[in-house]
Every structure is written in structure tokens, then in C-alpha cells.
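Okay, so here's the structure we're looking at.
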Number of protein chains: 2
Amino acid sequence: MTPRQNRPTINQVAAAAGVTKSSVSRAFTRPEMLSPETVRKISAAAERLGYVPNHSARALSTGRHGNIALIVPDVANPFFPPLISAAQSEADRFDYCVFLGNSNEDPGQEDKLIGRFAGQVEGFVLVSSRLSDDQIVEHAARRPVVLINRDVKGIPRILIDSAAGVAEAVSHLATLGHRKLVYVGGPHGSWSNKQRRIAVRRAAKDHGLEVAVISNEFAAFESGRKITAAALATGATAAIAFDDLTAQGMLAELADMGVAVPADFAVVGCDDVLGAATYPPLTTVSNRSVEAGKAALNLLMEILQNNAIRDVRYVLDTNLVIRKTTGQVKAGKRSEAALGSDANRARN
Amino acid sequence: MTPRQNRPTINQVAAAAGVTKSSVSRAFTRPEMLSPETVRKISAAAERLGYVPNHSARALSTGRHGNIALIVPDVANPFFPPLISAAQSEADRFDYCVFLGNSNEDPGQEDKLIGRFAGQVEGFVLVSSRLSDDQIVEHAARRPVVLINRDVKGIPRILIDSAAGVAEAVSHLATLGHRKLVYVGGPHGSWSNKQRRIAVRRAAKDHGLEVAVISNEFAAFESGRKITAAALATGATAAIAFDDLTAQGMLAELADMGVAVPADFAVVGCDDVLGAATYPPLTTVSNRSVEAGKAALNLLMEILQNNAIRDVRYVLDTNLVIRKTTGQVKAGKRSEAALGSDANRARN
DNA sequence: CCTTGACATGCAACCGGTTGCATCTGATGG
DNA sequence: CCATCAGATGCAACCGGTTGCATGTCAAGG
């Protein structure tokens, strides 16, 4: 019933080469233990038969699977694919296979996926995990875990520090004459969101700017559109959005409303996932997701090799990429900042 | 040395429940063979110990891994993530884990990935595979394979028929008064590219339009920009691009060149991956990638269950989504069509 | 020439499940 | 009351590798 393909086994190779299976096994894993001639003989036989070691059998006896799992909240969010791709290329260098999990922003789903993968991976990379700190610690106790954009003490983590870029954005807007900003937030469980919100507040304070905060659970084009009216109602003359998608949605909505960007309202995105592909090209905070993916994988590999978890906290800096959605405030706009702040739904 | 976690094994559960491991095994796989009371006893013991069956051990003895592999040419191309996400959700329903492979448009890499995965998956979904037909047939002989956007006889396949949408686009452009079109191509090995090119040619013939074809190996924003001058030089008044990314690049370049869209030049994309997010919002051919991903997975699951490969060829229709990058040809433009066709680099 | 030890290879147990067959029990029917 | 049989459970082999230890060989050293 089971559609077992008749792939040759180690025994068949052994028979063909006139040795025992121990030698065949060693020819593949520790050839230096064998005489060169034996290795050659075995390789030839293996080649001839088309032998490929059985992954499950090997995993069963060694406990190492040669697999890792990468879990992201939303594959379709353009922030993640380049990261996924980079992580995968790195894994490839180490001959590891990558399971991809899509938690769909749902902690329950994320937890379930981890459970499903747990039996056949050596470690996890959790990107922008939506789990609680406790859950993460618990999982990390079982298997090596590396986090990206999540700051949990004791768990190795790669953090993209958008704070620096966001601060630059605020400073840039201040220089352009803006007096009141609105920060349009992102998902609740997101470490990046919290970090950006705090960075906006702090930098604004340094520059003596007013800040309104609007929360917006789902980061996407459509929700960016929806939130735009509320953003305008705060009386701010510029918005810093949680991410480029949100910003892009705002641009579309602003265009439909006849609000000129950047003349009447400035917009800054975050993560630079759209490049110069928006209209007008979006001023945004740079993105280090490729490096983050690469670094996370290398870190995980190192941990797996040394079998020792170091408390690493690796921070990647960002900076502002100025394009065309920010500009000098119009003369009349500054005074309006004082009005209409009742639409704020500030969170801390 | 091996960091084997001390997860409880079937033997420990057996001991705790006072039965043999056969019964524990059956309690999980064929509970109807056991008395309800025994099942209850075993479940309780398993629960208490936190027992989870070992995936590798199970795979070793049954030959089924509960894994499948999904291979795409470029994770970062926005066409694929929604498909990946959809396939994953479906896999989840069947308790399957998904390996993701990124071939980076390279047949060699794709082949290598398949080899790496082969030992631990029950089947493959190859999306827009860049392998040769022979290679695909060869792999399909070993493991069940389902193709998306690749038409190989005898291999189950899901095809997104953009031909219908493309034909609609040509007809739409003809109605608007265009007399000469240019098709801006995509990757060589791409079935979709071939299909679209043929569809453009055929529909253009039906409507008595002239067609130039420009090839453009890598489908992306930047290459879309680069190809724009050549596209204009053909003397066409409208372009149909292999995909939205290419079209978006063309829009950016046209804007920089001061060519008004759609007044001076019309652009049609393909795959509708950008939604209304370009400026102007892009007229494009609809996309069925989510359905394709879902269908491919269900097909694969069916094949795995029935252990019989049917020669399925499942076609998903598309249609034109008219937005703002196509419009009536300006009076003076029609006559220009006859000129400047020396820049054509037509391929068949 | 015998001892010693390094090196190459074989032996057999083990990893953690699954499964065909044997065994045991108790109920059913003649 | 015994033969029969179905249902529940145990036994042991097997899946395909890895690895600690034993064995065998051969060259160098005393």
C-alpha cells in the first residue's frame, strides 16, 4: 500500500561494494576513517546504484534532521519575502532545508506551527513573532530559537533598529517646518511598532513637535486608506506610517481626496519595501531585512554547531531614505496644527 | 554530543499506561482497534508525559513523511507569496508541513533543491518551473509532482490561462484606437510568457493590429524601466507587459521621460499583483494565484491519498481589469505606428 | 622474532516508531 | 459443556541508517 520507491539502501551499496554497511555509512560521514581505496570503491558503487542516504533514518539515529523552520506572520507582506529568500540562500550553504510557516498574524496558529515542525527541525527562526515572551522562552528551552525583530532577554535575536531612521525622519520633517506629526501604528504584538512609536515620540519631543498616535491593527494598503481621514483630522501636517504598505494606502487615499503630497501633507513610510515604485516615490526608513535573514540563519547555524546558546542581541541600524513625499510645509499649514486633535486615539 | 532532547518515547508512555508499545502506537494511528478504555488510559498517560510521536521514526517505518515541498522561482516576486500562503493554508488542513524552495530562476538550483528535499517529502508542487520537460518527467517518476503554470503532458498541472485576459486586453486596446502594440516579454523558460506572447500575437491578428515583441529576461521593476525606451522606439502606442512589475517599471520610466499615460502611451500589466497601488492605477490581467495554490495542494493530496496519478489539466480563466493606464489614442498617434520598427527584437 | 600499537573494518545494538501474526480472553451457539 | 470465533493485546521483526567496541592486519620498535 505504501508507495515506497525502491531507492537503494545502504545495505545494497554495501553488498555491491563488498563491505558492510558500517563502512558505507562511514564513507559518507567520516571518510577519513577509511582507506582511500575503500572510499573510492564505495563511492563508485553508490554512484552506480544512485544511492542517496535516507533522511529519516539518519535523523532517527543521530537526532539531527538538517532542517530548520522559518515562521513569519504574513508571507504576502512584502517585508518578508526578501528576508525569506536571504535566509534560504544561507541555509542552502549549510545544506539545510527550510520549512516555511505562515502564522497569519495569529499567535495560536504560530504556536501550532511550531508544534508541527518541532519534531523535524533542529531550530527555529521566528520573524516578528506574535507569541508572548513566555511562550517564546518555553519553546526556546526545547529547541534553539533565533528571533528577528523581537527583543526577549536570553534568546538570541536580530533587531532592525528602525528607531534611528525614524528619528531621522522626525528631524527631517522638523527641518521642513512641520509642527505636528501623526504616527500611524501597526499590529499590536509587533516589537517594531512599539519601537517606532516610541522613537517618534522621543524625537518629536527633542524637536519640540506635537505628536498624535493612531492605532491601526492590520498593516496593509487598504487599512492605510481607511485610516487617512482620521490622520488628517488630527491636524498634523505629516504622517509617519508603521510601514510602506500603510503609507502607500494613505498616498492613494490622499490622491483621491485631492490632498497634494507633499505640498499639503507629507508621508513617510517605513521598511523601504516598495523602492521608488510608489507615486510620488516614498520617503521611507531603510530596511535591513536581507541582512537580518542572513544573520539570523548564520547565528542559528553557529548555535547548532557549538551547541551553546549565547545571549546575542545583534542590532542593525537604519537610516532615512528621502524621496518625494516629504517637503517644505506651506505657509498656512503650520497654524492649523493646533486644531482638530480630538480624533486622536493615542496608546502608549 | 548530539543535543537530543529528552522527549518521552512510545516506550515510556507504554510503561506508564501498563501496555506495550504496539498498543500505544495503535492508540494514535488506529484507535478503533483498541478498547475504548485502553485508548483512554493511553491518551491520559501520553498527555501527562507530554508525548509527541517522533516524526522521523514514523516516516522511517511508514514511508510517509507528512511533508511536501513547494518550489518557486523567486519568493520576492509578488506573484508568488499569495500563492505560497494559500498552498500553506491548505497543507495545514491536512496536517502537512511545507518546505519552501527558492530556485532563483535557475534550473540548476531548482534541480538541486528537489534533490535535497526528495528524501523527506511525499510530493512536490513546482510553480513556474524552469526545468526542462524531461527533467520534470524524470522527477515525477520518482515522486508525485503537481505543476503550476507549466504544461507537461502526463503531469498533473494547474494552469492560469492568462491568454483570455490578454486577448481581452488586445481587444480593449483595439477599441481604443491603437494600431500597433508591443509585447514586453518575461523569462525564457516561463510557460506563462510563451502563452502570453502567443495570445497577444493571435488576438492582434484577429483585430488587424501590428505587434512588436521585445524580450526581457528578468521580470522586475528595474528591467521594466530599462526596456521602456526600446518599447517606445518600436512605434507602438501601447505596451502589454509580461507582468505588473515590468509594467510598473515602465510607468516610472515613462513618467521620468515625460510621456503621459495613458494619453501618449498605454500600458497593460499582467497578474494584478499590485492592485490599484500603482500610479496611475494599472490596467492589468487578473490573477488566480491563490486559487492555483489551493488547487495544486488539493490535487497533490488527492494523488497521495489515492496513490494514483491522473493526468489532470486544470485551467483557471482570467480577465482584463481595466483601471487607468489605458485610454483613447490621441489623433496624431495612429500614423506614427508605421515608423521606427527597427528596434524590434522579435522572437518567436 | 615477538610485542605493541595504529589503522581499517566488521559486529551488533540502538534510534522510535509500525505492523503481520500469535496468543489470550470471553461470549456465543450447538 | 465444549468448539468456535471475534475482539483485544502482545511479540518480534522491520524501516535505514549510526556508532561504540571488538577483531584483524601490518609495520615499527625492542
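Reckoned from all heavy atoms, side chains included, excluding hydrogens, waters and symmetry mates. Please read these numbers as outputs of a predicted model, since none were measured by experiment.
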Check: Are Asp133(A) and Lys153(A) within salt-bridge range, i.e. N to O under 4.0 Å?
Finding: no

Next item on the list: Please check if any side-chain donor atom of Gln109(B) sits under 3.5 Å from a side-chain acceptor atom of Asn102(B), or the reverse.
Entry: no

Item checked: Residue-phosphate contact under 4.0 Å: Arg58(B) side-chain N/O, dT18(C) OP1/OP2 -> yes

Item checked: Strand contacts (DNA chain D) in residues 20-31 of chain A, 4.0 angstrom heavy-atom criterion -> Lys21(A), Ser22(A), Ser25(A), Arg26(A), Thr29(A), Arg30(A)

Next item on the list: Just grab all the salt bridge (Lys or Arg N to Asp or Glu O under 4.0 Å) pairs involving residues 288-299 of chain A, residues at least two apart or on different chains.
Entry: Arg288(A)-Glu291(A)

Notebook entry, point to check: Mind checking what makes side chain to side chain donor-acceptor pair (under 3.5 Å) contact with Glu90(B), not counting sequence neighbours?
Noted result: Arg93(B), Asn298(B)

Item checked: Lys/Arg N to Asp/Glu carboxylate O, Glu122(B) vs Arg143(B), below 4.0 Å -> no

Checklist line | Helix axis bend for the helix from dC1(C)-dG30(D) to dG30(C)-dC1(D) - C1'-based end axes, five pairs, 10° rounding | finding: 50°

Notebook entry, point to check: How would you list, by chain and number, every residue that makes a side chain to side chain donor-acceptor pair (under 3.5 Å) with Asp74(B), sequence neighbours excluded?
Noted result: none

Check: Which ones in residues 34-47 of chain A lie close to DNA chain D, meaning a heavy atom under 4.0 Å from one of its atoms?
Finding: none

Item checked: Per-nucleotide protein contact string for nucleotides 23-28 of chain C, where B marks a base within reach and S marks sugar-phosphate only (heavy atoms under 4.0 Å, - for neither) -> ------

Item checked: Partner residues of Asp151(A) under the side-chain contact (heavy atoms from CB on, under 4.5 Å) criterion, sequence neighbours left out -> Arg157(A), Leu159(A), Trp191(A), Arg313(A)

Notebook entry, point to check: Do NZ/NE/NH1/NH2 and the carboxylate oxygens of Arg116(A) and Asp95(B) come within less than 4.0 Å?
Noted result: yes

Check: Which whole-number value in Å describes the distance from Asn11(B) CG to dT18(C) C1'?
Finding: 13 Å

Check: Roughly, in whole Å, what's the span from CG in Leu60(B) to P in dT18(C)?
Finding: 11 Å

Item checked: Nearest-Å distance for atom pair CG/C1', residues Asn54(A) and dG16(C) -> 14 Å

Margin query: Tell me the interatomic distance from Gln120(A), atom CD, to dG16(C), atom P, rounded to whole angstroms.
Written below: 16 Å

Item checked: Backbone N/O of Arg58(A) and side chain of Arg64(A): donor-acceptor pair under 3.5 Å -> no

Checklist line | Qualifying salt bridge (Lys or Arg N to Asp or Glu O under 4.0 Å) pairs with a residue from residues 25-54 of chain A, counting only residues at least two apart or across chains | finding: none

Check: Taking only residues two or more places apart in sequence, or in another chain, which ones meet Glu110(B) in a side chain to side chain donor-acceptor pair (under 3.5 Å)?
Finding: Ser129(B)

Notebook entry, point to check: His65(B) NE2 to dC15(D) P: how many Å, rounded?
Noted result: 15 Å

Check: Within this structure, what is the CD1-to-P distance between Ile10(B) and dT19(C), rounded to whole angstrom?
Finding: 11 Å

Margin query: Rounded to whole Å, how long is the line connecting atom CZ of Arg64(B) with atom C1' of dT18(C)?
Written below: 12 Å

Next item on the list: Just jot down the side chain to side chain donor-acceptor pair (under 3.5 Å) partners of Lys112(B), sequence neighbours excluded, or say none.
Entry: Asp92(A)

Margin query: Taking ring-ring contact (aromatic ring centres under 6.0 Å, His included) as the definition, give me every residue that meets it alongside Tyr51(B), ordered by chain and number, with sequence neighbours left out.
Written below: Phe28(B)

Next item on the list: In whole angstrom, give the distance that lies between atom CE of Met33(A) and atom C1' of dG10(C).
Entry: 11 Å

Item checked: From His55(B) atom NE2 to Leu60(A) atom CG, the distance as rounded to the nearest 0.5 Å -> 12.5 Å

